[in-house]
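Structure record follows, encoded as structure tokens.
The structure presented is a predicted model; accordingly, all values stated were derived computationally and were not measured. Atom set for the values below is all heavy atoms of this structure, side chains included, hydrogens, waters and symmetry mates excluded. Residue numbers begin at 1 in each chain, while the letters A, B, ... track the order of the sequences.
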Amino acid sequence: MTLEQSTLDELAEIAGRYPEARSGLLPMLHLVQSAQGKVTPEGIEACAEILGITPAEVSGVATFYTMYKRREVGDFHVGVCTNTLCAVMGGDEIMATLQDHLGVGNDETAEKRDGDAHTVSLEHVECNAACDYAPVMMVNWEFLDDMTPQKAVALVDDLRAGNEVHSTRGPRLCSWREVERVLAGFPDGRADEGPSAGPASLAGREIARERGWSAPSAGASAPASGSEE
Amino acid sequence: MTDTLTPVLTEPWGADRSWTREVYEAHGGYAALDKALAMAPDDVIAAVKDSGLRGRGGAGFPTGMKWSFIPQENPNPKYLVVNADESEPGTCKDIPLMMANPHVLVEGVIISSYAIRAKKAFIYIRGEVVHVIRRVQNAVREAYEAGHLGTDIHGSGFDLDIVVHAGAGAYICGEETALLEGLEGRRGQPRLRPPFPAVAGLYASPTVINNVESIASVPSIIGHGADWFASMGTEKSKGMGIFSLSGHVKRPGQYEAPLGITLRELVDLAGGMREGHELKFWTPGGSSTPLLTAEHVDLPLDFESMAGAGTMLGTRALQLFDETVCVVRAVLRWTEFYKHESCGKCTPCREGTWWLVQTLARLEKGQGSEEDLDLLLDQCDNILGRSFCALGDGATSPISSSIKHFRDEYLAHLTHGGCPFDPAASTVWAGSADQQEVTA
Ligand SMILES: Cc1cc2nc3c(=O)[nH]c(=O)nc-3n(C[C@H](O)[C@H](O)[C@H](O)COP(=O)(O)O)c2cc1C
Ligand code: SF4
Ligand code: FES
């Protein structure tokens, strides 16, 4: 598998965003994953050559971060949060249910059956900063909030069947490789999809509105800076 | 009297297209920028100092003071780095903030960079939140289009570029010096301090690293004044902050209130604990802050009161667990997290977290003996204060605090020959067998 010239150009472009080229390495590895489905030896070589460091140095970085994959994941990479809060709220049960339903262990890709449009892989993830929506799942790093074992099973079935699925707090789900490209810093123009916030994010704001609470003199024309007293 | 809840940062959330420049500006966005650009940079620093703003990323260091440590006579470029790695278990405020209102962060970055005289700023966002990254990328693009970024911003002669940088999965990269390593394209392992980043940070140049919420608070401080900000909160913990309620509470979510609100007030607002259950233990500011119990619900949630109770305000990540939850199970899971996330640089943490998991896992299975509790505390002693960074210290918090408050529950595992709790009772769908059919 060789990298296309356009990818090599984009790798160099990423390095060019930073005062020192090596700063581009994390997004560059995201781009390698987008182009090749995982961190490949060619990808490592290409990054090393552009940055003027050794492939061993690139490898050392790639192995440090959990989002970089040495084996291909599915078209849809499903993460179940099993950090304490989500685990207790039902994440453990969701993870067990999905392992059973897909016939896989942690960090494995389910077999593509006849008629499946897409593949699904499964991994447990750590707290994804969505605890107010526990138990939480991620699909290709989009939020699937307030999950149950039943919803989780229906979700992976839909993904395998090729049905359109939306994040509960985000856009229509796209492939893992497309997402990796956004992480590399190449926007896909989908920022306007999905809501402003989910219901839990708005809990306090709604109560404040109901009760007429606000910050002091918020909205009043601004007084001078504090040093004036 | 200040109102119980004071939405400032969360106020625009939920509005139609709240993430766009158009909507942000329609509500007065980017007005504080003009005001700041008309001030001398040192006066902006003074205003932030006077406001009493303390870092919202966990440690609570005074933000204006941090900025004043930047040696302006140093010939190297100055940098601002926003810590948007939000990965401390329980913490879930910066992510919805960037999703719903990314422009308040961008405006904060511009004002803060102007104050410290940085011409380049970085927003380091954890990689596992792609839609948040889309929204921040989009806000930065829109800000360039409007002339809020780039050269000669608003005709002030001030230039600034922002780079949005996605991480790649590593809790330790939230630690500020590990974050800098990640941003320099290396393994995220913390650096020795001193030198502090203010003197030698990114590319060995003077660097300010601040949390998302800290930087996002800056436009309101400049816009409404330091006194306005300082009129909220307690004596040494000023201003509003986002409190994140999660777990067995009726209405989990984000509640923006003056620092010093109590957990009792917050839980009341959230409708109480779930029906028929009561609060057993909670974290005030993420899993790295020692656990508290129902005894502590009337303490002001500010830096001083939490320190007085032997814990920390941290990130105001209030994870609430009711009496169905086994504290040993909870603590074991957090400890497995720390073991997994230990960067391996120093021995007390790398080896210590491994041993903690071994010992705890045995206890949870009802194996071992009462002496294992002392062994655990001893292991914690060997990590706390002996680790290279605060991750190691944090790993000991749930263990030592849970043994302090729930020693009997550990012992019950030994007498019971395993965990006496039913994990099914803690789930969201517990007790509703038919609800499971319905949702199927
Ligand atoms: C293990 C570890 C993880 C951390 N994670 C974060 C984080 O995700 N976000 C954050 O802002 N600060 C985090 N911090 C704190 C930072 O090191 C630093 O104190 C903070 O970003 C400073 O910003 P502030 O002064 O605005 O709070 C973490 C610290 C440690 C030790
Ligand atoms: S305390 Fe843990 S995370 Fe911090 S440097 Fe040591 S090994 Fe790494
Ligand atoms: S514990 Fe699951 S998102 Fe925080």
Flag the pair [X] / [Y] as yes when at least one side-chain heavy-atom distance between them is below 4.5 Å, and no otherwise.
{"X": "A:Pro19", "Y": "B:Tyr79", "result": "yes"}
{"X": "B:Gln319", "Y": "A:Thr84", "result": "no"}
{"X": "A:Arg169", "Y": "B:His131", "result": "no"}
{"X": "A:Val182", "Y": "B:Gln137", "result": "yes"}
{"X": "A:Thr66", "Y": "B:His340", "result": "yes"}
{"X": "B:Ile133", "Y": "A:Trp141", "result": "no"}
{"X": "B:Val428", "Y": "A:Pro135", "result": "yes"}
{"X": "B:Glu11", "Y": "A:Arg209", "result": "yes"}

For the [atom1] atom of [X] and the [atom2] atom of [Y], what is their distance to the nearest 0.5 Å?
{"X": "A:Arg211", "Y": "B:Asp3", "atom1": "CZ", "atom2": "CG", "result": "11.0 Å"}
{"X": "A:Asn83", "Y": "B:Glu336", "atom1": "CG", "atom2": "CD", "result": "10.0 Å"}
{"X": "A:Lys151", "Y": "B:Trp429", "atom1": "NZ", "atom2": "CH2", "result": "9.5 Å"}
{"X": "A:Leu25", "Y": "B:Leu183", "atom1": "CG", "atom2": "CG", "result": "11.5 Å"}
{"X": "B:Cys173", "Y": "A:Leu26", "atom1": "SG", "atom2": "CG", "result": "7.0 Å"}
{"X": "A:Cys131", "Y": "B:Leu318", "atom1": "SG", "atom2": "CG", "result": "11.0 Å"}

Nearest heavy-atom neighbours spanning [X] and [Y]:
{"X": "B:Ala170", "Y": "A:Tyr65", "result": "CB-CD2, 3.8 Å"}
{"X": "A:Ala203", "Y": "B:Pro252", "result": "CB-O, 4.0 Å"}
{"X": "B:His165", "Y": "A:Pro27", "result": "CE1-CD, 3.5 Å"}
{"X": "B:Trp228", "Y": "A:Ser217", "result": "CD1-OG, 3.4 Å"}
{"X": "A:Ala191", "Y": "B:Asn138", "result": "CB-CB, 3.7 Å"}

Which region of [X], side chain (C-beta onward) or backbone (N, CA, C, O), has a non-hydrogen atom less than 4.5 Å from a non-hydrogen atom of chain B, or is it both or neither?
{"X": "A:Thr82", "value": "both"}
{"X": "A:Phe143", "value": "side chain"}
{"X": "A:Met89", "value": "both"}
{"X": "A:Cys47", "value": "neither"}
{"X": "A:Pro195", "value": "backbone"}

Tell me, for [X] versus chain A, whether the close heavy atoms (under 4.5 Å) come from the side chain, the backbone, both or neither.
{"X": "B:Thr20", "result": "side chain"}
{"X": "B:Ile172", "result": "side chain"}
{"X": "B:Trp19", "result": "side chain"}
{"X": "B:Met240", "result": "neither"}
{"X": "B:Tyr124", "result": "side chain"}
{"X": "B:Val325", "result": "side chain"}

Against chain A, work out which of [options] has the most heavy-atom pairs shorter than 4.5 Å and name it.
{"options": "B:Thr2, B:Asp94, B:Leu332, B:Val129", "result": "B:Val129"}
{"options": "B:Arg186, B:Arg17, B:Glu86", "result": "B:Arg186"}
{"options": "B:Gly167, B:Pro423, B:Gly344, B:Ser244", "result": "B:Gly167"}
{"options": "B:Gly188, B:Pro77, B:Cys343, B:Ser51", "result": "B:Gly188"}
{"options": "B:Tyr171, B:Trp13, B:Phe243, B:Tyr203", "result": "B:Tyr203"}
{"options": "B:Glu341, B:Lys120, B:Arg134", "result": "B:Arg134"}

> Should B:Arg126 and A:Glu126 count as an ion pair when the cut-off is N to O under 4.0 Å?
Replying inline: no
Heavy-atom count check: over 12 atoms from other residues, nucleotides or ligands less than 6.0 Å from [X] [atom1]?
{"X": "A:Glu20", "atom1": "CD", "answer": "yes"}
{"X": "B:Lys119", "atom1": "NZ", "answer": "no"}
{"X": "B:His27", "atom1": "NE2", "answer": "no"}
{"X": "A:Arg71", "atom1": "CZ", "answer": "no"}

> Among A:Asp188, A:Asn140, A:Leu183, whose side-chain contact (heavy atoms from CB on, under 4.5 Å) with B:Val130 holds?
Replying inline: A:Leu183
Out of [options], return the one with the most heavy atom pairs under 4.5 angstrom to chain B.
{"options": "A:Val61, A:Leu85, A:Asp146, A:Val58", "result": "A:Leu85"}
{"options": "A:Val88, A:Thr63, A:Ile14", "result": "A:Val88"}
{"options": "A:Ala87, A:Ala134, A:Ala154, A:Gly24", "result": "A:Ala87"}
{"options": "A:Cys81, A:Ala200, A:Ala129", "result": "A:Ala129"}
{"options": "A:Val179, A:Ile207, A:Asp192", "result": "A:Asp192"}
{"options": "A:Ala197, A:Ser201, A:Gly170", "result": "A:Ser201"}

>> Please check: side-chain N/O of A:Ser196 versus main-chain N/O of B:Gly14, any donor-acceptor pairing under 3.5 Å?
In response: yes
>> Between A:Glu206 and B:Arg251, does the salt bridge (Lys or Arg N to Asp or Glu O under 4.0 Å) criterion hold? Intermediate values first, please.
In response: CA-CA 11 Å; A:Glu206 267 172 25; B:Arg251 197 166 173 190; 2.7 Å; yes
> In terms of the angle between their ring planes, are A:Tyr18 and B:Phe122 parallel, tilted or perpendicular, with boundaries placed at 30° and 60°?
Replying inline: parallel
> So B:Glu181 and A:Phe64, side-chain contact (heavy atoms from CB on, under 4.5 Å) or not? Walk me through it.
Replying inline: CA-CA 12 Å; B:Glu181 289 291 301; A:Phe64 186 83; over 6 Å; no
>> Between B:Arg329 and A:Asp92, does the salt bridge (Lys or Arg N to Asp or Glu O under 4.0 Å) criterion hold? Intermediate values first, please.
In response: CA-CA 12 Å; B:Arg329 174 187 178 209; A:Asp92 278 355; 3.0 Å; yes
> Are B:Glu128 and A:Met67 close enough, and set up right, to give a side-chain contact (heavy atoms from CB on, under 4.5 Å), and what steps lead you there?
Replying inline: CA-CA 8 Å; B:Glu128 303 100 320; A:Met67 290 178 80; 3.7 Å; yes
